[in-house]
Every structure is written in structure tokens, then in C-alpha cells.
Amino acid sequence: MEESKHLAGQATVVSVDEWHGRAALCELLVRSLKCPDPVLAEAVASGTWACAACELTDSLHITLPQNWDAELSKYSHGLDNDSLFHQLRIEYTRLYALAPQSAVIPYEGCWRAAKKGERPLLFVNTEALAVGETCRLLGLERGGDANDSLDSVVIELEVLWCIALMAAGILECPKDVVAEEAWESFFGQHVASWMDGFAEDTFSETEEPFYKATACLLQAFVKSMG
């Protein structure tokens, strides 16, 4: 079938346990790059977030930079969870929420256009339409913020998360789709080609330890899977 060609690729043999790990790491990245909520702030302040990141990357043999999370320890001294929540939300808004005029562009199509010196377009760019087609082929319904462009870093990671769950046998996979090949295809066509640069932009722009650590985690994930 013509549709299945969009998801075809040379799939690498991966164990079920690794698919579980990939799914969990994608979930952690999604929750880290969404607009912060009190639950995230508590996990960051308590050290739970960093522990989860270390456990998942260790299980997937992903190498994080030395001392990548060292500055997170400052959150456990003299800053209550509510204050941290508001601090993270303010920085999130500055970094990502005003795209395409935000400090860092969190949309693949706009990010690519900006790097080329072209005018960025939300929603109707080639990348957003391609992600939408992948979601259709995978049977994924639109969730979360329906006003967000489909080529956002969060939605693309959510797509990877769902594909990993399909490969692990947790979510039902459409009969015309091979989940392992869908992962290789989507990762190569979208994630690998811009999220490394997006992570670098975030790391360079922010002074907030959590977002620096998240950028390190995302970049290590992308490089390890590339």
C-alpha cells in the first residue's frame, strides 16, 4: 500500500524491555518540555526527576554529560515547590510560549525556516503536515493542546512515545504498520534532524538549571538513537 511507504524503514532489532525504556524516556521528555505544573516542580525539587532520568538513560545505555544535573541541587535549598513551579513557568514562557518570536523555537518547521533565514509558518508548514499524516497512519487522535502545531517538540516526542508503546505491545498497532519501522522512519525524518539543534539552543539560551538539564537529556537521547 502507498500509505505504508511513509512509515517504512530499516528497523533495528530492539528488545521489548528496551521499547519500554524508550517509551518511558519519551514520556519523561514530554512532561519536561510541556508547560510546567506543580507535579513537575515537586519532582524536580525532590530529586525524583533527575533520578528517573539517570535510571532510564542507564537502562538504555545512553551517556549523559558529566555533572549534567549538578545545578539541580540548588532547588532543594531555600525554594519551596510553589515558588519553583512559578519560576519554571516563567522561564518556560520566555523560552517557548511566544513562538515564533520566543527565545527558542519549539516547532520543527519554524525552527528549520529560521535557520535558513526564511519566514516561519505555524500549522501549515511541510513538517507539521507530515507529522499529521504519520498520526493518521498510526491511528493517533489529537490530544492535549489542540491549538498547538503538530510539529512541536512535545507532539513529536508524544508520537515517538506512542510508537514505542506499540512496539512494546502496550498500544495496539495498525495492521498495515510495523512499529519498529515507524520508529526508525519518524525518528530519522523528524526528531534526528532538528531536536539536537533545538536542545543546543535551549542550553545556550537559558540559565535555569532544570531547562539546561532537560536540554542535556534530550540531546543525549537524540544522539544515542541517531
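One-based numbering along the sequence shown.
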Between Asp69 and Trp49, a side-chain donor and acceptor under 3.5 Å: no

Under 3.5 Å, is there a donor-acceptor pair between the Glu156 and Trp194 side chains? yes

For Ala130, does its backbone N or O pair with a side-chain atom of Thr134 as donor and acceptor, under 3.5 Å? yes

So CG of Leu25 and CG of Leu157: to nearest 0.5 Å the spacing works out to 9.0 Å

Compare all side-chain heavy atoms of Ile155 with those of Ser152 and state whether any distance is below 4.5 angstrom. yes

Quick one: do Glu133 and Arg136 make a salt bridge, cutoff under 4.0 Å? yes

Go through the side-chain N and O atoms of Tyr107 and Asn125 and say whether any donor and acceptor fall under 3.5 Å apart. no

Would you say the side-chain atoms of His190 and Glu108 include a donor-acceptor pair closer than 3.5 Å? yes

Using the rule given for salt bridge (Lys or Arg N to Asp or Glu O under 4.0 Å), can you reason through Glu118 versus Arg112, listing the C-alpha separation, both sets of side-chain angles and the distance that settles it, and then say yes or no? CA-CA 8 Å; Glu118 299 172 353; Arg112 290 178 184 275; over 6 Å; no

Among side-chain atoms of Ser15 and Asp17, is any donor-acceptor pair under 3.5 angstrom? no

Would you confirm whether Ser185, through its side chain, and Ala182, through its main-chain N or O, come within 3.5 Å as a donor-acceptor pair? no

Is there side-chain contact between Leu165 and Trp19, with at least one heavy-atom pair below 4.5 Å? no

Compile the donor-acceptor pairs under 3.5 Å between side chains in residues 207-226 and protein atoms, sequence neighbours left out, one pair per line.
residue, atom, partner, partner atom, Å
Glu208, OE1, Gln87, NE2, 3.3
Glu208, OE2, Tyr75, OH, 2.4
Glu208, OE2, Gln87, NE2, 2.8
Lys212, NZ, Phe203, O, 2.6
Lys212, NZ, Thr206, O, 3.1
Thr214, OG1, Phe210, O, 3.0
Gln219, NE2, Asp196, OD1, 2.6
Gln219, NE2, Glu200, OE2, 3.3
Ser224, OG, Ala220, O, 3.3
Ser224, OG, Phe221, O, 2.8

